[in-house]
Amino acid sequence: MRTRILDQPIDIISMEEASYIAEKALINSRQIKIVTLNPEMVINASNDFEFQATINNANLIVPDGTGIIWALKLLSPDLFKDAKRIPGIELCEKMLITANELSKKVAIFGSTNNILDKLSYAFKSKYPNINIVKTVDGYQGKEKDLEIASIMASCNPDLVLVALGSPRQEIWINTYAGLFPQSIMIGVGGSLDVWSGKCKRAPQWIRDISLEWLFRALSQPQRTSRILKTLPRFIYMVLREKFKRSKS
Ligand code: UDP
């Protein structure tokens, strides 16, 4: 079910449904662009027309951030009382399992060559049937974007993982999606760092109490300042919307 949160579209579905959609797309070689939405992205999109258009163009927009679920439940408690997070990293892992079963081709853009080497090594033992057809590091400057997209597209990947940080990764996907008519494309943020072993995800008990975002904020200081810039505004806007609705 597609709804809106502070003017941004969002699909309220379960992890099972999201991975089913991805699995079908992988089997049928059909393009889908996936956005994993969090509060920071909602605020950034409200100030950035290109990013806003990018989110609108996505085929699947899943609630990655705890704050998105909080807002949905606060604004529409009856409709969304059972809504759950779909962490992008977990959705991706499900896609990788399917890609492995189907011996699909994966291309990866982003992060450093060191991380990409470690990742390729880790994938070889975890997903031995996946063919990593191309890896390209994410520190080459925007002027190389088209060239990189063309090189990656020429490898005909079934799954394209893009880790350039948001919103750059989502905008890159939206800009060059025309070159990848048969690929699933998803912005994976820091997931490559986790899969390569560079970073650890929050322990399960922290995820269970919905504080993974705080764990990440505290373990990556550059993220703390990003969150502090957008989270108070997100909370303010959600509360303002709630107030408006309760008056009308
Ligand atoms: N990254 C990149 N090029 C850049 C900026 C970031 O390749 O110009 C990579 C970075 O190495 C990391 C990934 O993008 O692997 C995700 O960055 P970040 O943690 O900011 O994203 P988030 O997880 O918050 O979406």
Side-chain angles (χ1 to χ4, degrees), residues 2 9 11 13 15 17-37 41 50-51 53-62 64 86-111 115-116 119-120 122-124 126-138 140 142 144-192 194-196:
R2 179 156 290 193
D11 295 316
I13 56 174
M15 174 64 94
E17 288 165 325
S19 36
Y20 179 77
I21 291 169
E23 185 184 327
K24 283 281 165 266
L26 267 180
I27 291 171
N28 298 321
S29 298
R30 193 165 46 82
Q31 184 189 73
I32 48 171
K33 293 170 289 200
I34 304 177
V35 165
T36 61
L37 200 72
M41 291 161 80
E50 193 181 15
F51 189 30
T54 292
I55 296 176
N56 282 333
N57 270 344
N59 309 93
L60 184 60
I61 307 158
V62 298
D64 185 340
I86 299 190
I89 188 167
E90 289 174 26
L91 178 58
C92 254
E93 284 165 0
K94 292 197 183 294
M95 290 195 283
L96 287 165
I97 291 170
T98 307
N100 187 51
E101 284 164 6
L102 300 169
S103 301
K104 293 287 186 178
K105 291 184 276 187
V106 177
I108 305 171
F109 177 29
S111 194
I115 295 288
L116 288 168
L119 185 78
S120 302
F123 273 23
K124 266 194 194 99
K126 196 157 187 201
Y127 309 110
N129 300 325
I130 282 181
N131 182 2
I132 300 183
V133 285
K134 192 79 202 164
T135 59
V136 181
D137 83 87
Q140 307 199 38
K142 283 189 179 170
K144 289 274 196 104
D145 277 359
L146 171 60
E147 188 186 333
I148 291 169
S150 307
I151 293 170
M152 290 177 80
S154 68
C155 303
N156 296 319
D158 301 290
L159 179 58
V160 180
L161 307 178
V162 187
L164 301 169
S166 181
R168 182 151 138 65
Q169 59 193 20
E170 288 82 17
I171 290 175
W172 185 89
I173 288 172
N174 190 46
T175 306
Y176 300 108
L179 299 174
F180 298 87
Q182 299 185 320
S183 313
I184 296 187
M185 307 181 81
I186 181 167
V188 294
S191 301
L192 303 188
V194 173
W195 293 328
S196 69

Check whether any side-chain heavy atom of I173 sits under 4.5 Å from a side-chain heavy atom of V160, and report yes or no.
no
Heavy-atom closest contact (A149 atom, F180 atom, distance):
O-CZ, 3.5 Å
Could you give the distance from CG (N131) to CG (L159), rounded to the nearest 0.5 Å?
12.0 Å
Over all heavy atoms of both residues, which pair between I32 and A22 is shortest? Give the atoms and the distance, please.
CD1-CA, 4.0 Å
Please find the pair of heavy atoms, one from L192 and one from G110, that lie closest to each other, and give the distance.
CD1-O, 3.8 Å
Distance, nearest 0.5 Å, that separates NZ of K142 from CG of L164:
10.0 Å
Closest non-hydrogen atoms of Q169 and G189, given as atom of the first, atom of the second and distance, are OE1-N, 3.1 Å
Between K33 and A177, the two heavy atoms sitting closest are CD-CB, 3.7 Å
Does the side chain of V106 reach to within under 4.5 Å of the side chain of P157, using non-hydrogen atoms?
no
Given side chains that start at C-beta, do those of N59 and I34 come closer than 4.5 Å, heavy atoms only?
no
Do side-chain atoms of S103 reach the backbone of A99 as a donor and acceptor pair under 3.5 angstrom?
no
Measuring from atom CD1 of I171 to atom CZ of F51, what distance do you get when rounded to the nearest 0.5 angstrom?
6.5 Å
In the structure I gave you, are the side-chain heavy atoms of Q182 and R30 within less than 4.5 Å of one another anywhere?
no
Under-4.0 Å salt bridge between D11 and R2
yes
Starting at OG of S111, measure out to CG of L119 and round the result to the nearest 0.5 Å.
8.0 Å
Where is the tightest heavy-atom contact between V35 and A58, given as atom of each residue plus distance?
CG2-CB, 3.7 Å
Pairing donors with acceptors under 3.5 angstrom, does anything connect the side chains of S166 and E170?
yes
Side chain to side chain contact (heavy atoms under 4.5 Å, CB included) evaluation trace for N156 with K105:
CA-CA 8 Å; N156 296 319; K105 291 184 276 187; 3.7 Å; yes
Show the numbers, then the answer: is there a side chain to side chain contact (heavy atoms under 4.5 Å, CB included) between L102 and I27?
CA-CA 8 Å; L102 300 169; I27 291 171; 3.7 Å; yes
Count the heavy atoms belonging to other residues, nucleotides or ligands that lie under 6.0 Å from NZ of K24, then report whether that count exceeds 12.
yes
Validation row: Y176, S150 side chains within 4.5 angstrom (heavy atoms)
no
Criterion side chain to side chain contact (heavy atoms under 4.5 Å, CB included) on I132 and K134, from CA distance to verdict:
CA-CA 6 Å; I132 300 183; K134 192 79 202 164; over 6 Å; no
Side-chain heavy-atom pair N56, P9 within 4.5 angstrom cut-off:
yes
Should the pair Y127 and F123 be assigned to parallel (<30°), tilted (30 to 60°) or perpendicular (>60°) ring geometry?
perpendicular
Would you say the side chain of I21 lies within less than 4.5 Å of the side chain of L60, judging by non-hydrogen atoms?
yes
Distance, nearest 0.5 Å, that separates CD1 of I186 from CG of L91:
5.0 Å
Check the pair W195, I89 against side chain to side chain contact (heavy atoms under 4.5 Å, CB included), reporting the backbone distance first and the verdict last.
CA-CA 9 Å; W195 293 328; I89 188 167; 3.8 Å; yes
Are D64 and L37 close enough that some pair of their side-chain heavy atoms sits under 4.5 Å apart?
no
Residues R168 and D145 bridged, charged N to O under 4.0 Å:
yes
Got a second to check how far L26's CG is from L96's CG, nearest 0.5 Å?
9.0 Å
